[in-house]
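Scope of the values below: all heavy atoms of this structure, side chains included, with no hydrogens, waters or symmetry mates. Letters go in sequence order (proteins before strands), and every chain restarts at 1.
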Number of protein chains: 2
Amino acid sequence: MPKSDAPSPSRAGRAAPPLRAVDGRVPGRRGLATRQRLVECTIELLASSPYRDLKVTDITRAAGTSPATFYQYFVDLETVLLAVAEQTATDGQQLVELIKGQQWKGNAGIGSAERLVDGFIDFWRTHRPTLRVLDLLSTEGDRRFRQIRVVMLNGMTKALASEIEAVQGSDCDVDPMAMAGALIGMLPQMAGHQGGFEAWDIPFDQVRESMIRLIYWGVNGPKVPKR
Amino acid sequence: MPKSDAPSPSRAGRAAPPLRAVDGRVPGRRGLATRQRLVECTIELLASSPYRDLKVTDITRAAGTSPATFYQYFVDLETVLLAVAEQTATDGQQLVELIKGQQWKGNAGIGSAERLVDGFIDFWRTHRPTLRVLDLLSTEGDRRFRQIRVVMLNGMTKALASEIEAVQGSDCDVDPMAMAGALIGMLPQMAGHQGGFEAWDIPFDQVRESMIRLIYWGVNGPKVPKR
DNA sequence: CATCAAATCTGACGCCGCATCAGAAAGTCT
DNA sequence: AGACTTTCTGATGCGGCGTCAGATTTGATG
């Protein structure tokens, strides 16, 4: 089990996050401001150029500072991306509210699925560049990014799994976490490849409709033939 | 402006692809052999190190040649990855056979879905490093890679869409291509994040089971409540 | 088989981004 | 103001990128 060494600085109520600079000392006001400026410039640049073309030099130029300053706060390029991703991931926790305690049966169930899908698509749209990088680096196998991605989706998955359990009771013949994971995992996929569908003349609102149905089916578990 | 000079050599039935070297000339036997050697070394290296760490130097070292030779056949690192991806994508066309002309209703339908899922997972396993890069660069927005990904999945999607149409007739109230796109798009997602599920103690065979059901439902389209 | 032109390969080079360090500048306390 | 800490930066060595002129191999020809 990969120990989470990231101190999850976003978790509310915890003790103050250390957030040390590379030399081990705790930055003061000005330092934190500069650090934050670097993070924001990174997000901005990410929106306009693909991640693999992003250079440390670009970030420092945009922030009006020098390369050495960058390395004061981040050990390398990936580390700042990690900070960016973490910021976005905690934002994503709000999506859990679209799952927990909703109605999932019958007519209302379709409505809940609809809100979930729309909420996710909207979330993706506003955070597109960042989420793309997160997806990118986690599929590539970087544990730190995969961890963040997992944490982000884990809340949603657990919530949806418990809804599935509530709906199907002990009748469900597939692990609720697995089904929830499949459904939740589908969402970034769809949102991310939206352009791909449109390039093929598949109207995206029809894809949206398909996702809604798949979620509805996944949660309610219509009977399937035995093998 | 980077002119797309890649003549899409995968398209069957077309005239023989020129496959020129960077200087515009058509390579002979020996040239093609070294080119192929470079491609194969790239695939091999991709299996052991993440794509962003892959250097041209590494490839040429592995192939026992010099950097200049590399640039004789590929304008840059991405171009060789493009060749690698193209090779894999045409391989993937065999998966269409797991869709076309299968039974999708009732008991046999579950079997077909099962074969499709297993076939895809297996395909992914054997081509993992390459497909990861393909997914990576296409989500990043590179048109050339997205094109390849689309061509690879397009065959499957069209096949599945026509099966959906055959099963549901004019009853289906969602665009078959959209539903097929959603289902097919789900597959790389699942296969790619297999490690993610296991890190979370979700048994992957349960995820597999979920995918099978989702495909079954997607194709057969159980009734859902009206809004 | 000796010759030569085309094809293929390579060593060496300039360029640029990475990452570091010593020291300058700015801020803070007494 | 003086002394100390925090923050920032110019200069620098290193390593990969991509190019060129020229060396080496191939194989067609007389």
Side-chain angles (χ1 to χ4, degrees), chain A residues 16-42 45-46 48-84 133 137 142, chain B residues 1-3 5-6 18-42 45-46 48-83 133 137 142:
Chain A
L19 189 50
R20 306 190 188 167
V22 292
D23 55 3
R25 290 181 306 175
V26 180
R29 268 190 207 102
R30 196 156 68 115
L32 285 176
T34 317
R35 194 194 119 107
Q36 186 58 22
R37 189 149 40 92
L38 287 167
V39 170
E40 310 225 324
C41 286
T42 305
L45 287 171
L46 235 33
S48 58
S49 73
Y51 130 82
R52 68 177 177 291
D53 292 344
L54 187 64
K55 314 288 180 200
V56 171
T57 321
D58 296 333
I59 299 175
T60 61
R61 238 196 307 273
T65 181
S66 89
T69 302
F70 178 92
Y71 289 102
Q72 184 89 8
Y73 298 104
F74 308 101
V75 299
D76 57 9
L77 188 61
E78 280 188 14
T79 310
V80 67
L81 293 176
L82 210 62
V84 166
V133 170
L137 293 177
D142 188 307
Chain B
M1 189 48 143
K3 183 85 174 306
D5 50 357
L19 189 53
R20 305 189 189 168
V22 291
D23 55 1
R25 291 180 306 176
V26 180
R29 265 187 215 105
R30 195 156 68 113
L32 285 176
T34 33
R35 193 195 119 105
Q36 186 58 23
R37 189 150 38 93
L38 287 167
V39 170
E40 311 224 324
C41 287
T42 304
L45 287 172
L46 235 32
S48 57
S49 72
Y51 128 82
R52 69 179 174 294
D53 292 344
L54 187 63
K55 313 288 179 200
V56 171
T57 320
D58 296 333
I59 300 174
T60 59
R61 238 197 306 273
T65 180
S66 88
T69 301
F70 178 93
Y71 290 101
Q72 184 90 8
Y73 299 104
F74 308 101
V75 299
D76 57 9
L77 188 61
E78 280 186 16
T79 311
V80 67
L81 292 176
L82 211 61
V133 171
L137 293 178
D142 189 305

Whole angstroms only, please: what is the [atom1]-[atom2] distance between [X] and [N]?
X	N	atom1	atom2	value
Leu38(A)	dA19(C)	CG	P	15 Å
Leu54(A)	dG17(C)	CG	C1'	12 Å
Asp76(B)	dC16(C)	CG	P	18 Å
Glu78(B)	dG18(D)	CD	P	10 Å

Looking only at the side chain of [X] (C-beta and beyond, no hydrogens), which of the listed nucleotides [options] gets closest?
X	options	answer
Arg30(A)	dT26(D), dC8(D), dT10(C)	dC8(D)
Lys55(B)	dG11(C), dA19(C), dC17(D)	dC17(D)
Thr69(A)	dC8(D), dG11(C), dA19(C)	dC8(D)

Strictly distance-based, threshold 3.5 Å: is any side-chain N or O of [X] a donor or acceptor partner for the main-chain N or O of [Y]?
X	Y	value
Asp58(A)	Lys55(A)	yes
Ser49(B)	Leu46(B)	no
Thr69(B)	Thr65(B)	no

For this session: Identify, between Val56(A) and Arg37(B), the residue whose nearest nucleotide on DNA chain C lies closer to the 5' end.
Result: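 Final value for this comparison: Arg37(B).
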Would you say [X] reaches [N]'s phosphate, i.e. side-chain N/O to OP1/OP2 under 4.0 Å?
X	N	result
Thr34(B)	dC9(C)	yes
Tyr71(A)	dT20(C)	no
Thr57(B)	dC17(D)	yes
Tyr73(A)	dC8(D)	yes
Ser66(A)	dG10(D)	no

For this session: Identify, between Gly31(A) and Pro67(B), the residue whose nearest nucleotide on DNA chain D lies closer to the 5' end.
Result: Gly31(A)
